[in-house]
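This report concerns only the one structure given below.
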Amino acid sequence: MQPGPAHLAAMIRLMRDRNVGIVIREPHEPERDAAFLAAKTGAAIVVLAASVGATPRATDYIALFDADVDALATAARVSGPSGR
């Protein structure tokens, strides 16, 4: 289910209030809403695999977690200690 305008507006307020610097999405989800949130808040977008094969690096169960942790760590370094 795609978020509506009111939900996106609430997410933007929440992200700003809590200094959230990362937007997470799955590879099969549309990029549009995550990109909108990131553009409005300055957050980085991270694509995380929810299952083996969901991303090129998620070739097995351990690789899935390695890829997801690497993606989150990279986004955290980019967004910095303040969240952005």
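At least one side-chain heavy atom of Gln2 sits less than 4.5 Å from a side-chain heavy atom of Asp33.
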**Message:** For Leu72 and Thr74: C-alpha separation, side-chain torsions, deciding distance, then whether side chain to side chain contact (heavy atoms under 4.5 Å, CB included) applies.
**Reply:** CA-CA 5 Å; Leu72 285 170; Thr74 298; over 6 Å; no
**Item:** Evaluation steps, side chain to side chain contact (heavy atoms under 4.5 Å, CB included), between Met11 and Lys40
**Value:** CA-CA 10 Å; Met11 290 298 300; Lys40 294 293 184 182; over 6 Å; no
**Request:** Check step by step if side chain to side chain contact (heavy atoms under 4.5 Å, CB included) holds for Met15 and Val23.
**Result:** CA-CA 9 Å; Met15 289 176 69; Val23 176; 3.5 Å; yes
**Message:** Using the rule given for side chain to side chain contact (heavy atoms under 4.5 Å, CB included), can you reason through Arg13 versus Arg16, listing the C-alpha separation, both sets of side-chain angles and the distance that settles it, and then say yes or no?
**Reply:** CA-CA 5 Å; Arg13 282 192 302 277; Arg16 287 177 177 161; 6.0 Å; no
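In this structure, the side chain of Asp68 does not engage the main chain of Leu48 through any donor-acceptor pair within 3.5 Å.
Between the CG atom in Leu64 and the OG1 atom in Thr55 there is a gap of 6.5 Å [rounded to 0.5 Å]. Atom-to-atom distance recorded for Ile22:CD1 and Thr41:OG1 is 11.0 Å, nearest 0.5 angstrom. Considering CD of Glu26 and OG of Ser51, their distance stands at 8.0 Å, rounded to 0.5 Å.
Summarising the geometry of Pro27 relative to Ala49, their closest heavy-atom pair is CD-CA, 4.4 Å, with the distance given to 0.1 Å. The nearest pair of heavy atoms linking Glu29 to Arg25 is O-NH1, 2.8 Å.
A continuous path of hydrophobic side-chain contacts links Ile12 to Val20 [ILVMFWY only; heavy atoms under 4.5 Å].
By the 6.0 Å contact criterion, CD on Glu31 is open, its count of non-hydrogen atoms from other residues, nucleotides or ligands being 12 or less.
Ion pair Arg57/Asp70 flagged as a salt bridge, since at least one NZ, NE, NH1 or NH2 atom sits closer than 4.0 Å to an Asp/Glu carboxylate oxygen.
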